[in-house]
*Asks:* 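If you scroll down you'll find the structure; I have some questions about it.
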Amino acid sequence: MTFRELGLSEKVLQAVEASGYTTPTPIQAQAIPEVLAGRDVLGIAQTGTGKTAAFTLPMLSRLEQGRARARMPRTLILEPTRELAAQVEESFGRYGINHKLNVALLIGGVSFGDQETKIMRGADVLIATPGRLLDFAERGKLLLTGIEILVIDEADRMLDMGFIPDIERICKLVPFTRQTLFFSATMPTEIVRLTEAFLHNPVRIEVAPAASTSATIAQVLVASPSGPAKRETLRHLIRSVDNFKNAIIFCNRKRDVAILHKSLQKHGFRAGALHGDMDQRSRMASLDAFKNGEVDLIVCSDVAARGLDIPDVSHVFNFDVPVHAEDYVHRIGRTGRAGKLGTAISIVTRADQKHLAEIEKLIGRVVEWQQGATLDTLTQDDEEEASPRQRGGRRTSGERTRAPREHSAREPREQSKRTREAPHDAPKSNGPAAAKAHDPRPQEARSQEPRQHEPRQHAPRAPEQKVPDHRERSHQRPDRARSRDNGHDDQPVVGMGDHVPSFLLRPVKLKPSVVEEAEEA
DNA sequence: AAAAAAT
């Protein structure tokens, strides 16, 4: 099967060939002829199946006849997130190079001016998130009465996000005679009801069963204590995994995205962040930086879990196990795309066991623990290290200071940091981080790339050995780094001797905002 | 125990 057999126009075929594609994916092969014939389509497909091209290519063919009028776009595509909307715009840009079509992106978080100009000029394709679209429509800046094709993408996600009332309102603003293309990864009853109301005699095209995980994704679990030790577990994993190119790291909460992002940067990693409370500029900048390789790590909330198509992501880390099992499937689906191999590593703490069980039930298989090291193999020490704040007065700071390890002697200037880091970085031999003896990546492929001109002080490191800290923080002012460190990690108090006033050892309850500031170090 | 989306 080739694209040529599907009935697409010559202009579109040339653009597809220029992109290097020759064989349509199953959903493209099935959907494209139907869209070209003007039929409604109900596509049940995950992202990563080639769904976007399944509607953009035939839409481009159809749009070759006719012209857009001011304020009256000819086609409308609804997306649940701004990033997905921007991604669809890119797709029109890529496959529409031979067309002179006006494509407008109508999303929140950016100024109205440009968007209004494009709509006034007449948009052939309007790609929108529901809120901003309704805003325009209600102000009379946009008429939906000329819509020929309506695309509702990621409908089940729209449902999750409470967009269904908005979608229904929008559907009532577009002409009854339009063609509707409706895509959803799953079909909950709410969505079935919607398709019955707004699709006319649709062709049903189903490609991948919901909740299946791709065979091209290797999945593994890593047991870890929680707290700062969890960040150390992640750092170790990033440094030690095989075939690392870049990674998306998921957290469950936006504030944890911010904390982890800063922590990784502090440790010298080139990392970006992406969550819905960031301003739109930063969101786009982060995503671009990750796509073009300026950073090789991006810390995300679930805003990035679904649909984002970043080719060639080598690893997905679940820094937090997702609370909702379906999110696991979506998150790990950011890797192993387009036939490439990917690895999904989930860091699991005691508290995650329940959610892990639900995930395994959903995907219908158990996920292996790395090196067979389950939560039960975490030692008492690991667990205690995980919660220094709750220790209260059980130990004095003097007792907390561990005997320097052998490598401290080799790096005397790093001793204080090393003492603090060693317990997490060097778990028991059956512990989570004992996985790989050294980083097999070529130097240029690593997170610390900008510093590659610096001589590497140590040959491939042993698991007990941390990457020399001066490499990680060489770009930082050391005084700043040190002072910001003191807040949350388990560092012995310097300058008070072994005596610590008892009030300092009392457990303290901090307001969340205070905790956040402390954690920012 | 969350995130997202209009201002």
Side-chain angles (χ1 to χ4, degrees), chain A residues 47 77-88 105-116 119 126-142 152-170 173 184-185 190 226-227 230 248-261 273-284 286-287 298-308 318-331 334 346-359 512 515-516:
Chain A
T47 44
I77 300 163
L78 294 171
E79 295 288 336
T81 68
R82 300 168 185 172
E83 277 74 17
L84 286 175
Q87 195 168 285
V88 171
L105 185 62
L106 219 56
I107 61 175
V110 292
S111 67
F112 285 79
D114 290 355
Q115 298 181 348
E116 203 178 337
I119 286 166
L126 180 59
I127 305 151
T129 46
R132 183 60 69 98
L133 180 90
L134 283 169
D135 195 346
F136 266 77
E138 280 160 10
R139 290 169 192 233
K141 292 177 189 285
L142 177 66
I152 299 166
D153 199 12
E154 301 269 335
D156 51 350
R157 179 134 196 240
M158 303 251 201
L159 174 70
D160 288 348
M161 291 168 63
F163 281 162
I164 296 306
D166 287 348
I167 298 301
E168 290 181 312
R169 278 169 67 202
I170 294 165
L173 294 173
S184 189
E190 274 292 293
S226 54
K230 197 172 170 187
I248 303 180
I249 303 164
F250 284 103
C251 297
N252 286 354
R253 295 170 195 75
K254 288 179 280 198
R255 50 164 294 206
D256 293 334
V257 169
I259 291 167
L260 181 60
H261 175 228
L274 181 61
H275 64 71
D277 280 354
M278 290 165 58
D279 66 77
Q280 191 55 29
R281 238 194 197 172
S282 314
R283 284 168 66 161
M284 295 216 172
S286 289
L287 197 55
I298 188 164
V299 189
C300 300
S301 69
D302 280 316
V303 67
R306 303 195 196 197
L308 280 196
N318 284 316
F319 183 74
D320 298 314
V321 174
V323 176
H324 296 286
E326 325 85 72
D327 289 333
Y328 177 83
V329 179
H330 293 296
R331 286 181 181 187
R334 297 314 100 213
S346 300
I347 301 176
V348 184
T349 66
R350 294 229 174 268
D352 298 322
Q353 278 171 308
K354 193 178 75 190
H355 302 306
L356 177 62
E358 281 163 21
I359 288 165
V515 175
E516 202 167 333

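A note on names: the letters A, B, ... follow the listed sequences, proteins ahead of strands, and every chain is numbered from 1.
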*Asks:* From the list B:dA4, B:dT7, B:dA2, which nucleotide is the closest neighbour of the side chain of A:Phe112?
*Replies:* B:dT7
*Asks:* Just the rounded figure in Å: distance from C1' of B:dA2 to NZ of A:Lys354.
*Replies:*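 Answer to the nearest Å: 14 Å.
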*Asks:* Taking 4.0 Å as the cut-off, does a side-chain nitrogen or oxygen of A:Thr81 come that near to OP1 or OP2 on B:dA3?
*Replies:*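 Checking A:Thr81 against B:dA3: no side-chain N or O falls below 4.0 Å of OP1 or OP2.
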*Asks:* Base, sugar-phosphate alone, or nothing: which one does A:Ala305 contact when heavy atoms must sit under 4.0 Å apart?
*Replies:* nothing
*Asks:* A:Arg331 has an atom CZ; how far is it from atom P of B:dA3, in whole Å?
*Replies:* 10 Å
*Asks:* Taking only N and O in the side chain of A:Arg82, is any of them less than 4.0 Å away from OP1 or OP2 of B:dA5?
*Replies:* yes
*Asks:* Which nucleotide, B:dA5, B:dT7, B:dA3, lies nearest any side-chain atom of A:Ser301?
*Replies:* B:dA3
*Asks:* Select base, sugar-phosphate, or nothing to describe what A:His275 touches, counting heavy atoms under 4.0 Å on all strands.
*Replies:*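 Here A:His275 touches the backbone only, sparing every base.
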*Asks:* What nucleotide, of B:dA5, B:dT7, B:dA2, holds the atom closest to the side chain of A:Asp302?
*Replies:* B:dA2
*Asks:* Among B:dA4, B:dT7, B:dA1, which nucleotide has an atom closest to any side-chain atom of A:Val303?
*Replies:* B:dA4
*Asks:* Taking all atoms of both residues into account, what is the closest heavy-atom pair of A:Ile164 and A:Ala155, and its distance?
*Replies:* CD1-O, 4.3 Å
*Asks:* Across the strands shown, which category fits A:Asp327 at heavy-atom distances under 4.0 angstrom: base, sugar-phosphate, nothing?
*Replies:* base
*Asks:* Rounded to the nearest 0.5 Å, what separates atom CG in A:Leu84 from atom CG in A:Leu308?
*Replies:* 5.5 Å
*Asks:* If you only use heavy atoms from C-beta on, which nucleotide in B:dT7, B:dA2, B:dA4 is closest to the side chain of A:Lys254?
*Replies:*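 Taking heavy atoms from C-beta onward, the closest nucleotide is B:dA4.
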*Asks:* To the nearest Å, how far apart are A:Gln280 CD and B:dT7 C1'?
*Replies:* 15 Å
*Asks:* Checking all strands, does A:Asp166 fall into the base, sugar-phosphate, or nothing category for heavy-atom contacts under 4.0 angstrom?
*Replies:* nothing
*Asks:* Is any side-chain nitrogen or oxygen of A:Arg283 closer than 4.0 Å to OP1 or OP2 of B:dA5?
*Replies:*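 True: A:Arg283 side-chain N/O within range (under 4.0 Å) of B:dA5 OP1/OP2.
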*Asks:* Looking at A:Arg157 and A:Asp160, is any side-chain nitrogen of the basic one under 4.0 Å from a carboxylate oxygen of the acidic one?
*Replies:*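 No, A:Asp160 and A:Arg157 are not salt-bridged.
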*Asks:* If I take atom CZ in residue A:Phe250 and atom P in nucleotide B:dA3, what distance separates them, rounded to the nearest angstrom?
*Replies:*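 So the CZ-P distance, A:Phe250 to B:dA3, works out to 13 Å.
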*Asks:* Between atom CZ in A:Arg132 and atom P in B:dA5, what is the gap in whole Å?
*Replies:*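 Nearest whole value for this atom pair: 12 Å.
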*Asks:* Over how many whole Å does the gap from A:Arg157 atom CZ to B:dA3 atom P extend?
*Replies:* 12 Å
*Asks:* In whole Å, I'd like the distance from the CZ atom of A:Phe136 to the C1' atom of B:dT7.
*Replies:*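 About 13 Å, once rounded to whole Å.
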*Asks:* Here's one to test your reading of the geometry: is the NZ or CZ of A:Arg334 within 45 degrees of the ring axis of A:Phe250 and under 6.0 Å from its centre?
*Replies:*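 Negative - A:Arg334 is either too far from the ring of A:Phe250 or too far off its axis.
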*Asks:* Under 3.5 Å, is there an N or O donor on one side and an acceptor on the other linking the side chain of A:His355 and the base of B:dA1?
*Replies:* yes
*Asks:* First locate atom CD of A:Glu79, then atom CG of A:Asp153, and finally report the distance between them rounded to the nearest 0.5 Å.
*Replies:*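 Between atom CD of A:Glu79 and atom CG of A:Asp153 there are 4.0 Å.
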*Asks:* B:dA4 C1' sits how many Å from A:Leu134 CG, rounded?
*Replies:* 16 Å
*Asks:* Considering every strand and a 4.0 Å limit on heavy-atom distances, what is the contact class for A:Gly109: base, sugar-phosphate, or nothing?
*Replies:*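 Counting heavy atoms under 4.0 Å across all strands, the contact made by A:Gly109 is with sugar-phosphate only.
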